[in-house]
Amino acid sequence: MSITSSSTLDSQLTTVWSPTHSYPDGPLVMSGYPSRTWQHESQPQFWSKFQVWEWLQQVMDIHQIDASSIPLQNFDMDGHQLCSLSYQDFLRAAGSVGPILFHSITELKWSGRSVRPTPIFFSLIISEIYEPTVNTLAPDATPVSSSPDIKRSFSRGHQVKKHNPRGTHLWEFIRDILLNPERNPGLIKWEDRTEGVFRFLKSEAVAQLWGKKKNNSSMTYEKLSRAMRYYYKREILERVDGRRLVYKFGRNARGWRETEK
DNA sequence: CGAGACTTTCCTGATT
DNA sequence: TAATCAGGAAAGTCTC
């Protein structure tokens, strides 16, 4: 690692992780389940919009729900607003995923400090969604199976992925940053929205963020870009010749189009 | 355990 | 010169 390369990264991160974002990102203790992905120390009432977004992504990751399953713009709010949402609000905003989010935030509100989501409860909800005949939900939850909204969205293919190691794929991670510009502090931007062309503005910062997600502090743009190049063959991305840091979504990339939902 | 998907890591060489 | 791009090769990490 040369001095110049690290200072490049520093300058990118300084811009990205401005003082409003504080992430206790010290040495992570690898002790199983979500501890490594659950780093919100403060109460959700005091979260920034960006922290709300992170919480959202983490809950989705933990349950291997594709982020495009819900309109993320419905959660363009800070922690205070988030905490004031009712169960019905969550249903409206996130459909079938609403109950999962509602329970997560309820737990966090009650505990006041970092608490892990309860996977058993969630698996109950998930199985309830898949097998509506079963009726064994926690007492405080609205009967999930009775919601037509849930049935509709889950029959649409919003299901847990079969093979999705470590939750989100790289291209989905990139896509989700693009789709949330208000929580994307100048990392990547659309060059041609309808064609799916985008450009990395802060390549090393994006790599750091990706590494953070994968719990890999040594991620670099060099390595991230190798993974991106593998997407060409699978037509998840198309080559954009002659333009540095520019990529284009391919025919096998889903969920990035404005009209697609 | 094995296979396969999806990276991650490393590398050599070319291009901007 | 540094940053980026191109891919080959092989290892690592998951899920099924």
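Naming convention: chains lettered A, B, ... in sequence-line order (proteins, then strands); numbering from 1 in each chain.
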Base [N] paired with [X] side chain (donor-acceptor, <3.5 Å):
| X | N | answer |
| --- | --- | --- |
| A:Tyr230 | C:dA9 | yes |
| A:Arg229 | C:dG8 | no |
| A:Arg244 | C:dA3 | yes |

Is [X] close enough to [N] that one of its side-chain N or O atoms is under 4.0 Å from OP1 or OP2 there?
| X | N | result |
| --- | --- | --- |
| A:Asn216 | B:dT7 | no |
| A:Ser203 | C:dA3 | no |
| A:Ser218 | B:dT9 | yes |
| A:Lys223 | B:dT8 | no |
| A:Trp210 | B:dT7 | no |

Please report, rounded to the nearest Å, how far the [atom2] atom of [N] is from the [atom1] atom of [X].
| X | N | atom1 | atom2 | result |
| --- | --- | --- | --- | --- |
| A:Asn215 | C:dC14 | CG | P | 9 Å |
| A:Glu235 | B:dC6 | CD | P | 14 Å |
| A:Asn252 | B:dA5 | CG | C1' | 15 Å |
| A:Arg226 | B:dG13 | CZ | C1' | 14 Å |
| A:Glu204 | C:dA3 | CD | C1' | 9 Å |
| A:Leu245 | C:dC5 | CG | C1' | 10 Å |
| A:Trp171 | B:dT7 | CH2 | P | 10 Å |
| A:Leu224 | C:dC5 | CG | P | 11 Å |

Considering all heavy atoms, the nearest A:Ala94-A:Ile70 contact =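 Shortest heavy-atom contact: O-CG2, 3.5 Å.
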Quick one: sort the [X] and [Y] rings into parallel, tilted or perpendicular, breaks at 30° and 60°.
| X | Y | result |
| --- | --- | --- |
| A:Tyr247 | A:Phe198 | parallel |
| A:Trp190 | A:Trp256 | tilted |
| A:Trp55 | A:Trp47 | tilted |

task = Decide yes or no on side chain to side chain contact (heavy atoms under 4.5 Å, CB included) for A:Phe173 and A:Leu224, but give the supporting numbers first.
result = CA-CA 12 Å; A:Phe173 171 78; A:Leu224 181 153; 5.7 Å; no
5' precedence on DNA chain B between A:Tyr231 and A:Glu222 (nearest-nucleotide basis) =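 It is A:Tyr231 whose nearest nucleotide is closer to the 5' end.
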message = Can you work out whether A:Thr220 or A:Arg234 has the more 5'-proximal nearest nucleotide on DNA chain B?
response = A:Arg234
Base, sugar-phosphate alone, or nothing: which one does [X] contact when heavy atoms must sit under 4.0 Å apart?
| X | result |
| --- | --- |
| A:Phe173 | nothing |
| A:Leu170 | sugar-phosphate |
| A:Phe200 | nothing |

request  = Verify side chain to side chain contact (heavy atoms under 4.5 Å, CB included) between A:Ile177 and A:Leu209, making sure each step is shown before the conclusion.
outcome  = CA-CA 10 Å; A:Ile177 290 175; A:Leu209 214 50; 4.3 Å; yes
